[in-house]
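In what follows, a structure is listed as C-alpha cells, so that the remarks can point back to it.
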Amino acid sequence: MSNSQKTNTRLDGKIALVTGGTKGIGKAIADRLADAGATIIVTARSQPADANQSYHFIAADLAKVGESDKLANEINEKFGKVDILINNIGGTSSPAGGFGTLTHEHWNNDLQLNLMAPVNLDRALLPKMLEAGEGVIIHISSINSQLPLWEANMPYGAAKAALDNYSKGLSNELASKGVRVLTVSPGPVKTGAMQAFLGDFANALGKTIDEATQVMMDKIGGIPMGKMAAPEDIAELVGFLVSPAAAYITGVNYIVDGGTIPVV
Ligand SMILES: NC(=O)c1ccc[n+]([C@@H]2O[C@H](COP(=O)([O-])OP(=O)(O)OC[C@H]3O[C@@H](n4cnc5c(N)ncnc54)[C@H](OP(=O)(O)O)[C@@H]3O)[C@@H](O)[C@H]2O)c1
C-alpha cells in the first residue's frame, strides 16, 4: 500500500447506501460519509420533514420479505451499484420481562429486523459488488450480542449475536474477492430508539426512566467513560473503516462502548 492510500479517507465518487439513514446512528453515518465526498442513498419506512434533501431517499420497510430485492433493483437501475453498504437498521419491538413474556412473533420480528434484513440486503446488492471486484459492507450490531440482558431484550441480543457470526463468515468468504465486511458494535448511544427502549423498560419494571437507566447501567457493569455515546462517535469509526485508508481491514468486530465490555 502506498503512503497516499494509507492516509486517504476521502470517499469521492463512491455511492453509499445507509439503511435507517434518517435518524440516530444511521443519520450520523450518512452525514459523515457525505462529508467525505460520497453520494448518499438513505432508506427508511418514512422520510422525516427535516430530511437532508441532497441525499437520495428510497422508502422501504426492510423487515418485510421482498423489500430488499425491490430496493436493490431500484438502486441498481438508478446508480448501477453501491460501493458502500451500511446495514444500520435494527432494534427491538419485544416487551421487556424475560423468556416467559416472549411469543413466537416477538422472536420472529427481532430476528427479521436484526438478522434477516441485513442478510437479504447483502444477498440483493452483493452480486454487483462482486462483479466490480470491490466494495465494503458494515453490519451495525450491539454489545448486547456479547452481554445478554435477558430482562430487557433477549431476542435482540440473540439476533445481533447471529449477525456477528454471519458477518465474520461472510468476510472470510469475500476477502479474496475484493469486498470487505466489518461489524461495528456500539454500547448505549443517545438516540430516539434508546429513549423508547428505556421508556418501555421503565414501564416493565414499574420504575422511572432514570431508575430504569440505572438498572440497565448496573446490568452492563457501568460505562467507564461515564456517559452514553453520541451517534457521531459511531459514525466517525464507520467513516474510517469504509475508506481506502482501511483497505487491509476486514472480518473484525469493532466495539465502541466507552470501555463497557469488561473482558479483553
Ligand atoms: N441506540 C443505541 O443505544 C444502540 C446501541 C447498540 C446498537 N444499536 C444499533 O444501531 C442501529 C441504529 O439504532 P438507532 O438507535 O440509531 O435507531 P433509531 O434512532 O431508532 O433509527 C432507526 C432508523 O432505522 C429506520 N428503520 C427502523 N425500522 C425500519 C424498517 N423496518 N425498515 C427500514 N427502516 C427502518 C428508522 O426510520 P423509520 O422509522 O422511518 O423506518 C430510522 O431511520 C440499530 O441496528 C441498533 O440495533 C443502537
Side-chain angles (χ1 to χ4, degrees), residues 17-32 40-52 55 57-68 70-72 74 85-94 108-121 138-149 152-153 155-164 167 183-201 212-213 216-217 219-220 223 227-235 237-238 253-258 260-261:
L17 169 64
V18 185
T19 70
T22 58
K23 298 177 198 159
I25 296 169
K27 180 175 183 305
I29 293 173
D31 293 346
R32 171 63 178 78
I40 305 295
I41 309 166
V42 295
T43 183
R45 287 166 298 183
S46 60
Q47 190 173 28
D50 62 350
N52 186 323
Y55 301 163
F57 176 80
I58 303 176
D61 183 347
L62 293 177
K64 289 190 177 151
V65 179
E67 289 275 297
S68 303
K70 232 172 74 189
L71 174 67
E74 193 170 334
L85 168 55
I86 313 291
N87 278 294
N88 165 72
I89 64 159
T92 181
S93 53
S94 300
N108 214 27
N109 288 344
D110 280 6
L111 283 163
Q112 184 61 40
L113 187 65
N114 294 285
L115 177 64
M116 292 318 297
V119 168
N120 286 330
L121 197 56
I138 304 278
H139 296 117
I140 302 295
S141 183
S142 163
I143 61 166
N144 268 170
S145 67
Q146 294 169 57
L147 274 182
L149 289 176
N153 56 15
Y156 170 78
K160 291 291 198 186
L163 179 68
D164 295 354
S167 188
T183 308
V184 171
S185 295
V189 185
K190 274 192 191 168
T191 66
M194 173 52 79
Q195 278 308 111
F197 163 74
L198 288 173
D200 291 347
F201 194 34
T213 305
M216 184 191 78
M217 290 300 172
K219 292 279 173 198
I220 64 174
I223 303 175
K227 60 177 183 184
M228 289 192 197
E232 292 73 20
D233 294 324
I234 315 304
L237 173 66
V238 171
N253 182 354
Y254 286 89
I255 292 165
V256 195
D257 68 350
T260 302
I261 293 264

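Both counts, for ligands and for their atoms, begin at 1 and track the order of listing.
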Quick one: side chain to side chain donor-acceptor pair (under 3.5 Å) partners of S94, sequence neighbours excluded? D110

Per atom 28 (N) of ligand 1, closest listed option by heavy atom (M228, K27, Q195, R45): R45

Examine distances only and state if a side-chain atom of T22 and a backbone atom of P48 form a donor-acceptor pair shorter than 3.5 Å. no

What is the minimum heavy-atom distance between I143 and S185, and which atoms define it? CG2-O, 3.8 Å

Check this for me - ligand 1, G26, N or O atoms closer than 3.5 angstrom, yes or no? no

Best match, L62, I234, I140, V184: closest heavy atom to atom 32 (N) of ligand 1: L62

For atom 12 (C) of ligand 1, grab the closest protein heavy atom and report residue, atom and distance to one decimal in Å. N88 OD1, 3.3 Å

List the closest protein heavy-atom neighbour of atom 16 (O) of ligand 1: residue, atom name, distance to the nearest 0.1 Å. I25 N, 2.9 Å

The protein heavy atom nearest to atom 6 (C) of ligand 1 is P186 O, 3.3 Å

Option of least heavy-atom distance to atom 9 (C) of ligand 1 (set: A229, S141, A51, G90): S141

What protein heavy atom is closest to atom 15 (O) of ligand 1, reported as residue, atom name and distance in Å? T191 OG1, 2.6 Å

Nearest non-hydrogen protein atom, atom 46 (C) of ligand 1: Y156 OH, 3.6 Å

In the complex you have, is atom 25 (C) of ligand 1 within reach of the protein, judged by whether a heavy-atom distance drops under 4.0 Å? yes

S142 N/O under 3.5 Å from ligand 1 N/O: no

Is there at least one pair of N or O atoms, one from K23 and one from ligand 1, spaced under 3.5 Å apart? yes

Counting distance only, does the side-chain N/O of N114 pair as donor-acceptor with the main-chain N or O of Y156 below 3.5 Å? no

Looking at D164 and K160, does any basic side-chain N land under 4.0 Å from a carboxylate oxygen? no

Distance from atom 31 (N) of ligand 1 to nearest protein heavy atom, with residue and atom: D61 OD1, 2.8 Å

Quick test of your reading: applying side-chain hydrogen bond (donor to acceptor under 3.5 Å, both in side chains), list the pairs with at least one residue in residues 186-198, sequence neighbours left out, ordered by first then second residue. none

Check each of S185, A30, A44 against atom 37 (O) of ligand 1 and report the one with the nearest heavy atom. A44

